[in-house]
Enquirer: 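My structure is below; once you've seen it, I'll send some questions.
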2 protein chains.
Amino acid sequence: MRSPTVQDSDLSARAKIREAALRLFGTSGFGVSLRTIAQAARVSPGLVIHHFGSKDGLRAAVDESVLSVFLERFDSLPKDLPADLLSRAMANIFSDVLGPSPDIRQYLRRCLLDETPAGTTIFDEMVVATRRGLELLERRGGIRSDADPEWRPFQVLSVVLGPLLMEPVMQRNIGEPAYAPDVVRRRTSANLDFLSRGLFTRAADTRAEPMP
Amino acid sequence: MRSPTVQDSDLSARAKIREAALRLFGTSGFGVSLRTIAQAARVSPGLVIHHFGSKDGLRAAVDESVLSVFLERFDSLPKDLPADLLSRAMANIFSDVLGPSPDIRQYLRRCLLDETPAGTTIFDEMVVATRRGLELLERRGGIRSDADPEWRPFQVLSVVLGPLLMEPVMQRNIGEPAYAPDVVRRRTSANLDFLSRGLFTRAADTRAEPMP
DNA sequence: GCGGATGCTGAATGTCTGTTCAATTCAGGA
DNA sequence: TCCTGAATTGAACAGACATTCAGCATCCGC
């Protein structure tokens with residue numbers, strides 16, 4: 001079993017191109033030239049077209065490969081997992097996949113902006129899964145009953161995805177890689193505390209606007 | 001006083017180009033051609049270069065104009081505002097600026113990804129301001145003393161910026177514009193509740209991983 | 001050993017890019 | 001009225017782009 005982003009040369013040329021594209025699309029955006037990608041994969045520009053048909057085809061292939069990483073692991077979750085274990089298992093999927101792979105992190109950030117079909121699927125899937133997890137959790141009494149069901153999933157997702165999107169900002173401000181194992185552990189613990197008890201001691205006025 | 005993103009024709013050509021660029025950079029990325037921008041501003045391609053020197057110069061001008069919208073309003077905050085009012089005032093800046101202007105929202109999303117100098121400044125400024133606001137609030141007893149000071153600012157920012165970054169995802173899932181005034185009001189109220197009291201009833205195990 | 005398919009190359013093609021520039025229009029001061 | 005400088009245009013240019021294609025190499029079934 002290997003990390004999905006190895007850059008060793010024992011991959012097929014097709015796979016090497018796809019990995020290079022994942023990395024370069026993530027770091028430099030979809031604007032990178034096929035020549036640059038081909039060069040990174042140590043392959044001729046023509047071969048990229050030969051394998052993927054077009055630049056859009058290449059993008060679709062990268063999309064699909066990233067999507068499949070998540071869907072495979074979502075599908076392999078036992079269907080009858082208790083709610084609290086389910087939410088934890090889902091969380092572990094993200095830390096397992098995103099933690100060790102900066103390439104996938106960067107690419108996902110782009111997806112959130114550019115609204116490629118796969119990106120749309122991934123994030124919609126996350127909303128649905130999060131909402132369902134919260135509903136299960138609620139039925140078992142794990143959630144405050146007066147929390148707004150409409151916004152709950154997005155609040156959780158904001159906390160989960162925030163670090164992904166603010167990775168460079170965080171890095172500048174805390175002085176160490178935002179996804180180093182130790183940093184992830186500290187942040188995870190702080191986020192659990194935050195999700196469990198909030199931040200403020202009391203709301204001055206519930207109908208006012210503290211943060212938009 | 002006018003909205004900063006009007007597209008009326010009573011603007012100078014220079015301003016019309018900058019507004020068109022703001023909109024097109026935001027929606028289509030920095031990859032859009034000068035010709036497209038010029039056409040949107042009803043102006044010749046040469047004039048864009050004449051006014052801004054180069055495409056990068058145009059981008060810098062757009063960056064600066066967005067940055068100044070925020071900095072001006074940050075600077076106009078009374079320095080001796082009580083902490084709770086300060087955090088509310090800062091929040092209002094965001095809802096005032098972002099709410100009515102989809103162009104600025106989109107452009108800010110790009111900035112978070114592409115790490116242009118202005119984007120870096122804006123978000124670093126936000127971290128600093130948020131941290132300072134929380135420290136003031138803490139001194140007045142408005143914050144749980146055992147909340148982790150290292151992650152507090154990012155947790156708040158995640159909640160604040162989450163909707164900005166997930167705008168399309170939200171829109172698909174709630175079926176109405178994520179920044180419609182009424183939607184903003186409901187979300188704001190839910191977020192205040194979330195920040196004040198959290199979501200879960202109790203943490204099963206503080207050292208485990210609920211969400212990464 | 002042979003034939004066809006497949007992997008792969010690198011030069012060529014036409015389109016689109018940012019940028020230049022000579023020419024034109026136009027407003028305002030002398 | 002003329003002059004000057006700025007605003008504006010559109011044609012032109014070189015380079016980069018995605019894509020095509022004819023050709024070479026390499027494998028696999030026969």
Side-chain angles (χ1 to χ4, degrees), chain A residues 6-65 107 110-111 113-119, chain B residues 6-65 107 110-111 113-119:
Chain A
V6 291
Q7 47 186 337
D8 302 334
S9 49
D10 59 345
L11 290 164
S12 73
R14 206 188 127 94
K16 274 196 296 186
I17 294 170
R18 208 189 44 225
E19 295 299 326
L22 168 66
R23 182 159 24 95
L24 288 170
F25 283 160
T27 55
S28 315
F30 190 58
V32 283
S33 70
L34 283 188
R35 286 171 168 79
T36 306
I37 296 171
Q39 197 174 359
R42 297 175 195 282
V43 135
S44 75
L47 190 61
V48 179
I49 301 290
H50 177 255
H51 276 305
F52 298 95
S54 69
K55 192 179 182 181
D56 276 307
L58 173 58
R59 185 196 191 130
V62 175
D63 268 12
E64 196 194 311
S65 87
Y107 192 79
R110 298 264 167 213
C111 285
L113 266 193
D114 290 348
E115 302 207 65
T116 156
Chain B
V6 292
Q7 47 187 340
D8 302 333
S9 49
D10 59 344
L11 289 165
S12 73
R14 206 189 127 94
K16 275 197 296 185
I17 296 170
R18 208 189 43 224
E19 295 300 325
L22 168 66
R23 182 160 22 94
L24 289 169
F25 284 160
T27 54
S28 316
F30 190 59
V32 284
S33 71
L34 282 189
R35 282 172 172 79
T36 306
I37 295 171
Q39 196 175 1
R42 298 175 194 281
V43 133
S44 75
L47 191 62
V48 179
I49 300 290
H50 172 75
H51 277 305
F52 298 95
S54 69
K55 192 180 183 181
D56 274 307
L58 173 59
R59 185 198 189 127
V62 175
D63 268 11
E64 196 194 311
S65 87
Y107 192 79
R110 297 265 167 211
C111 284
L113 266 192
D114 290 349
E115 302 207 64
T116 155

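All values derive from a computational prediction rather than experimental measurement. Letters A, B, ... are given to chains in the order of the sequence lines, protein chains preceding strands, and every chain is numbered from 1.
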Enquirer: For A:H51, answer base if it contacts any base atom (sugar-phosphate contacts may also be present), sugar-phosphate if it contacts only those atoms, and nothing otherwise; contact means non-hydrogen atoms under 4.0 Å.
Expert: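 A:H51: backbone/sugar contact only, no base atoms under 4.0 Å.
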Enquirer: Quick one: which of C:dG18, D:dT19, C:dC8 gets closest to the side chain of B:S33?
Expert: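 Output: C:dG18.
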Enquirer: Please work out if B:V43 contacts a base, only the sugar-phosphate, or nothing of the nucleic acid, heavy-atom cut-off 4.0 Å.
Expert: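 Since only primed, P, OP1 and OP2 atoms lie under 4.0 Å of B:V43, the category is sugar-phosphate.
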Enquirer: Evaluate the criterion side chain to side chain contact (heavy atoms under 4.5 Å, CB included) for residue pair B:F30 and B:D56; output intermediate values, then yes/no.
Expert: CA-CA 10 Å; B:F30 190 59; B:D56 274 307; 3.9 Å; yes
Enquirer: Calculate the interatomic distance between B:K55 atom NZ and C:dT19 atom P; express it in whole Å.
Expert: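 So the two atoms are 8 Å apart, to the nearest Å.
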Enquirer: Can you identify which nucleotide, out of C:dT9, D:dT19, D:dC17, has its nearest atom closest to the A:L34 side chain?
Expert: D:dT19
Enquirer: Rounded to the nearest 0.5 Å, how far does CZ of B:R35 lie from OG of B:S44?
Expert: 10.5 Å
Enquirer: Hey, could you give me the CG/NZ distance between A:L47 and A:K16, rounded to the nearest 0.5 Å?
Expert: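 So the gap between those two atoms works out to 9.5 Å.
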Enquirer: Mind calculating the distance between CZ (A:R14) and C1' (C:dT6) to the nearest angstrom?
Expert: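 One finds 14 Å between C1' of C:dT6 and CZ of A:R14, rounded.
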Enquirer: I would like to know whether A:R59 and A:D114 meet side chain to side chain contact (heavy atoms under 4.5 Å, CB included); could you show each step before the answer?
Expert: CA-CA 12 Å; A:R59 185 196 191 130; A:D114 290 348; 3.6 Å; yes
Enquirer: Can you check the A:H50 NE2 to D:dT26 P distance for me, whole Å?
Expert: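 Checked: the NE2 to P distance equals 17 Å.
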Enquirer: With respect to the side chain of A:L47, which nucleotide from C:dA12, C:dT9, D:dT8 is positioned closest?
Expert: C:dT9
Enquirer: Any idea which of C:dA12, D:dC13, C:dT20 is nearest the B:I49 side chain?
Expert: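 Looking only at heavy atoms from C-beta outward on B:I49, the closest nucleotide is C:dT20.
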Enquirer: If I take atom NZ in residue B:K16 and atom C1' in nucleotide D:dT9, what distance separates them, rounded to the nearest angstrom?
Expert: 14 Å
Enquirer: Check the distance between D:dC13's C1' and B:R35's CZ and give it to me in whole angstrom.
Expert: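 Result: 11 Å.
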Enquirer: Would you kindly give the CD-to-P distance between A:Q39 and D:dA18, to the nearest whole Å?
Expert: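 After rounding, the gap between these two atoms is 13 Å.
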Enquirer: Flag this pair as yes if the NZ/CZ of A:R110 is under 6.0 angstrom from the six-membered ring centre of A:F25 and inside a 45 degree cone about the axis; otherwise no.
Expert: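 That pair does not qualify as a cation-pi contact.
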Enquirer: To the nearest Å, give me how far apart CZ (A:R59) and P (D:dC17) are.
Expert: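 Interatomic distance, CZ of A:R59 to P of D:dC17: 17 Å.
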Enquirer: To the nearest angstrom, how far is A:I37 atom CD1 from C:dC8 atom P?
Expert: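 A:I37 atom CD1 is separated from C:dC8 atom P by 17 Å.
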Enquirer: Out of C:dC8, C:dT19, D:dT19, which has the shortest distance to the side chain of A:S44?
Expert: C:dC8
Enquirer: Nearest heavy atom decides the nucleotide; on that basis, is A:R42 or B:G53 closer to the 5' end of DNA chain C?
Expert: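 Result: A:R42.
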